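Below is one structure, written out as C-alpha cells; comments come after it.
Fair warning: this is a prediction, and the values are worked out from it, not measured in the lab.
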Amino acid sequence: MYMKKRLSVLISLLICCPLLLKAEISLPHFFSDNMVLQRDMEVPIWGKADRRENITLTFQGKEYTAQADKDGKWSITLPPTPAGGPHTITITGENIITLKNILFGDVYLASGQSNMEWEMYKVPEGLQTAGEANAHPEIRLFLVEKNRAFTPQEDVPVQSWQVADSTHVLDFSAVAYYFGKILQEHVDVPIGLIGAYWGGTAIEAWMAADVLDSLPRYKRTIEALGRYSQSATQLEQMFETNLDNWVKQSESKDQGFSGNWYQKNHNDQRWETMTLPAIWEFAGLPQHDGSVWFRKTFFVPEAMSNKDLELHLARIDDHDIVWVNGKEIGRGKGYQHRVYQIPRSLLTNRENVITVRVFDSGYQGGIWGHEEEFYITDRKQNIDLQGEWLYRKGIRWDDMPARPNTVFSGSTPMMQYNAMIAPLIPFALKGILWYQGESNADRAYEYRTLFPTMIRDWRRRWQQEELPFLFVQLANYRQPVVEPVPSDWAELREAQAMALSLQNTGMATAIDLGEADNVHPANKKEVARRLALTARATIYGENIVHSGPVFDSMDIVGNQIAITFKTQASPLKVNDLYGYVKGFSIARQDREFVRAKAYILNDSTVMVYHDTMINPAAVRYGWADNPDDINLYNQEGLPALPFRTDDWPGKTYDSAEYSSK
C-alpha cells in the first residue's frame with residue numbers, strides 16, 4: 001500500500017510539473033563557435049527541444065522567437081546581414097546556448113571524391129601554405145566526418161567550425177582551402193568552407209534515395225538497402241573486423257614470414273628492383289593482388305648517429321608491417337601517410353636495412369605518394385629513400401580464403417548523401433564546389449543523366465533554384481597513346497561539360513594538370529585558381545576571362561575543317577616554339593580517327609586537316625584519357641576545353657541504358 005501511494009505521488013508530480021521532463025535545446029554540430037553564416041541572405045538556424053517549448057534567439061540586440069513542434073523541432077530565420085563580425089548569438093529555452101566569434105561572409109560546400117578530399121598536407125607546398133594560414137583568420141573550416149547511413153540524418157558526427165590556422169588547414173581539402181584563400185583576396189569578405197567528401201565514391205552515393213528510386217537501375221538497390229535493420233556503422237564495424245582477421249590470415253600463409261624475409265641478413269640477391277614511391281600496378285606488377293615485400297639498405301651519416309630517427313613512408317595502400325634491422329617498428333592500415341619511430345638502439349653506424357611488407361586488400365597496392373614524403377629524419381636533416389628498392393612477391397589473393405564481403409562500396413547509392421549532405425540542408429550557402437567523376441568514368445553516358453539530376457535536386461532541397469554549382473573537369477590521366485582510341489575519361493569530361501547547360505554552373509578544366517601514373521594531380525592550387533576565376537565571373541559578376549577557349553562551331557572548307565571557338569575576347573595562343581597546334585584528330589564518315597595537323601587562322605579559329613584525307617567529317621580535340629600533347633590556350637594561359645564535333649556512340653554508350661534496366 002505504501003509503495004502504491006509513493007508511485008501515485010510520483011505520477012502526480014510528473015503531471016503537475018512537466019518541467020521535470022523538459023529536454024535541453026540542442027543544435028546540429030555545424031552551428032558552433034567560429035562559424036561563418038551567409039551574408040545578405042535569410043539564414044535559417046534550427047535545432048531540437050522539448051515539444052512545444054518556446055525558443056528565443058538573440059542577435060544584434062534583437063530577439064527572434066519560435067516554438068518547437070510536436071516532434072521537438074524548431075527553426076528561426078535571421079534576416080539578411082552584411083558581411084562582418086565577430087558576432088554572438090544566444091539561444092534560450094530550458095537552457096542557454098551561446099555561439100561566439102561568428103562571422104557573416106560567403107559559405108561554400110565542397111564535395112566529391114578523393115581529388116576534392118586531397119588534404120593540404122599531401123600537396124607539395126602544403127606545409128608552407130599551412131604555415132602562412134594564421135594570416136587569414138576570416139577563413140573558417142568545417143569538416144564533415146566520413147559517415148554512411150541508410151536513411152537521411154539530422155546531424156553529422158561531432159565536429160565544430162575551426163579558424164583556418166596552421167593546424168586545421170593541414171587536414172582540409174587543398175582545392176577548397178586554396179579556393180577560399182584566393183577568393184577572399186578578391187571579394188574581401190569572410191569565407192566559410194564546409195568539406196563533405198570521400199575518396200573513391202561514385203556520384204550515386206551523393207544522391208537522395210527518392211531521386212535514384214525513380215531510375216529503374218537503382219530502384220532494386222535502394223529497396224534492398226532499406227531492409228537492413230542494423231545501422232551502417234554497425235555493419236561497417238563488422239566488416240572491418242572481418243577484414244582485419246582476413247589480413248592476419250594472410251600473414252600465417254605468407255612465405256615471407258616463414259622465410260624470414262624481414263631479417264637483416266636475409267639473402268635478397270634474387271629479389272627484383274622497383275622505383276619507389278609507386279603504385280605497383282604501374283611499376284611492373286599489373287595483375288598482382290596480395291602482398292609485396294620491399295627492402296632497402298641505408299647508411300646513417302655521422303651527424304645523425306646516436307639519435308632516435310623518424311621514418312616517413314609516404315602513403316601505403318593498404319596494410320603494412322615495417323622492420324628495421326629485423327625488428328618490427330610499426331604496422332598500419334589505410335592508404336595514408338606513414339610515420340614510424342626508429343629507436344637509436346636498432347641502428348648501426350654501418351649499413352641498416354628497412355623491410356616493408358605491404359598487403360593490398362583491394363584495387364591498387366604499393367608505397368606511393370610524393371617523393372618528398374619518403375625519407376628518414378632527425379628533424380634537422382634527411383636521408384632520402386626514393387629510388388630503387390628490392391622487392392619480392394609474397395602471398396596472392398588466390399592462395400587465401402575469399403575476401404570478406406561488405407554491403408558498402410564507393411558506389412553504394414545514397415549512403416553519403418544521407419549521412420553527410422542531408423543533415424546540412426538548409427544551411428545557407430553562397431555556392432557548391434564539386435570535384436568528382438573518376439569513379440563514374442566507365443559509365444560516362446549515364447553521368448549525363450546523373451550529374452544534372454543531382455545538381456537540380458540539391459538546389460531544390462536547399463530551396464535555391466539557381467544555387468551556384470561549380471565543378472572541376474577531370475584531369476588527364478593514364479599513359480598517353482600514339483593513335484586516337486576510344487576513351488571513357490574523355491566521355492566523362494564531355495558529360496561534365498554538358499551540365500553547363502544548367503543556369504549558374506561553371507567548370508574549371510584540369511586537362512593539362514594531370515599525371516600519367518597518378519590519379520591525384522599534385523597542382524591543386526591551380527585547380528583552385530581556375531575554380532576561383534569561374535566563381536568571380538559567374539557568381540560575383542567580374543568582367544574577367546575565366547575559361548579557356550570553348551568549341552563553338554565547325555565548317556568544312558574543302559579538305560580542312562575550320563573550328564571556331566568562344567574566346568571571351570582572349571585570342572588563341574599555342575604553346576609551341578614553332579607554332580604547331582597539337583591534340584587534334586580528324587575522321588571521315590567511316591569514324592576512323594587519325595592524328596591531325598592544325599594551325600591558328602585568326603584569334604578565334606583553328607584549321608584542322610590531314611595531308612591524305614579528303615572529305616573530312618569530324619574533329620576531336622584532347623579526346624583521350626591523357627591527351628598529353630594538347631597545347632592550345634588563350635592569352636591568359638587557360639587551356640582550350642576538350643571537345644568533339646561528332647555525336648557518334650562512344651565507349652560507354654551502353655551505360656546510358658543502365659538507368660532504364
With sequence neighbours excluded, what pairs up with E438 under the salt bridge (Lys or Arg N to Asp or Glu O under 4.0 Å) test? none
Going from CG on D318 to CG on L243, what distance comes out if it is rounded to the nearest 0.5 angstrom? 8.0 Å
Please list all pairs meeting side chain to side chain donor-acceptor pair (under 3.5 Å) that have one or both residues in residues 464-476, counting only residues at least two apart or in different chains. Q473-T509, N476-N626
In plain terms, say whether R396 and D399 are close enough for a salt bridge, that is, a side-chain N and a carboxylate O under 4.0 Å apart. no
Side-chain ion pair, K651 and E491, N-O less than 4.0 Å: no
Closer than 3.5 angstrom, by distance alone: can the side chain of Y417 be matched with the main-chain N or O of A209 as a donor-acceptor pair? no
What heavy-atom pair brings P413 and I222 nearest, and what distance separates the two atoms? CB-CD1, 3.9 Å
Residues K430, D40; criterion salt bridge (Lys or Arg N to Asp or Glu O under 4.0 Å); working and verdict: CA-CA 10 Å; K430 185 69 170 182; D40 303 330; over 6 Å; no
Check the orientation of W434 and F451. Use parallel for under 30°, tilted for 30 to 60°, and perpendicular for over 60°. parallel
Can the ring centroids of F427 and F31 be said to lie less than 6.0 angstrom from one another? yes
How would you list, by chain and number, every residue that makes a ring pair (Phe, Tyr, Trp, His ring centres under 6.0 Å) with F150, sequence neighbours excluded? Y228
Pairing donors with acceptors under 3.5 angstrom, does anything connect the side chains of Q113 and S439? yes
Expected output: side-chain S173 to main-chain E119 donor-acceptor under 3.5 Å: no
Is K73 salt-bridged to D71, cutoff N-O under 4.0 Å? no
According to side chain to side chain contact (heavy atoms under 4.5 Å, CB included), who are the partners of A283, at least two apart in sequence or on a separate chain? M274, A278
Roughly how far apart are D317 CG and D360 CG, rounded to 0.5 Å? 6.0 Å
Which residues share a side-chain hydrogen bond (donor to acceptor under 3.5 Å, both in side chains) with R591, sequence neighbours left out: none
Donor-acceptor check, side chain of Q416 to backbone of T201, threshold 3.5 angstrom: yes or no? no
Hydrogens and angles aside, do S487 and D625 bring a side-chain donor and acceptor to less than 3.5 Å of each other? yes
When rounded to the nearest 0.5 angstrom, what is the spacing between CH2 in W489 and CG in D442? 11.0 Å
Could you point out which residue of Q436, H520, K524 forms a side chain to side chain donor-acceptor pair (under 3.5 Å) with N115? K524
Sorted by chain and residue number, the salt bridge (Lys or Arg N to Asp or Glu O under 4.0 Å) partners of K333 (sequence neighbours excluded) come out as E240, D244
By side-chain hydrogen bond (donor to acceptor under 3.5 Å, both in side chains) - contacts of N242 (at least two apart): none
In terms of side-chain geometry, is the basic nitrogen of D155 or K48 positioned less than 4.0 Å from the acidic oxygen of its partner? no
With distance as the sole criterion, is a donor-acceptor pair present between the side chains of T505 and Q503 under 3.5 Å? no
Report the residues that fulfil salt bridge (Lys or Arg N to Asp or Glu O under 4.0 Å) with D320, sequence neighbours left out, ordered by chain and then residue number. R338
Step by step, work out the side chain to side chain donor-acceptor pair (under 3.5 Å) result for S26 and E24. CA-CA 6 Å; S26 62; E24 290 190 342; over 6 Å; no
State whether D646 and R620 are salt-bridged, where the test is any N-O pair (Lys NZ or Arg NE/NH1/NH2 against Asp/Glu carboxylate O) under 4.0 Å. yes
With a 4.0 Å cut-off on N to O distance, would you call K122 and D171 a salt bridge? no
NZ/NE/NH1/NH2 to OD/OE distance under 4.0 Å, E223 and R220: no
Please confirm whether F30 and W46 have ring centers closer than 6.0 angstrom. yes
May I ask you to check whether H546 and R536 show a side-chain donor-acceptor distance below 3.5 Å? no
Quick one: salt bridge (Lys or Arg N to Asp or Glu O under 4.0 Å) partners of K525, sequence neighbours excluded? none
The ring pair (Phe, Tyr, Trp, His ring centres under 6.0 Å) partners of W161 (sequence neighbours excluded) come to F142
Not counting sequence neighbours, which residues clear side-chain hydrogen bond (donor to acceptor under 3.5 Å, both in side chains) with E204? List them please. N440, R443
Decide, yes or no, whether a salt bridge links D106 with R140 under the criterion of side-chain N to carboxylate O below 4.0 Å. no
Going by atom types only, do S111 and W206 share a side-chain donor-acceptor pair under 3.5 Å? no
Centroid-centroid distance, F179 to Y108, less than 6.0 Å: yes
Before accepting this row, confirm whether a basic side-chain N of the pair E117/K146 lies closer than 4.0 Å to the acidic partner's carboxylate O. yes
Measuring from S250:OG to W397:CH2, what's the distance to the nearest 0.5 Å? 11.0 Å
Results of ring pair (Phe, Tyr, Trp, His ring centres under 6.0 Å) for F643 - residues two or more places apart only: F551, F565
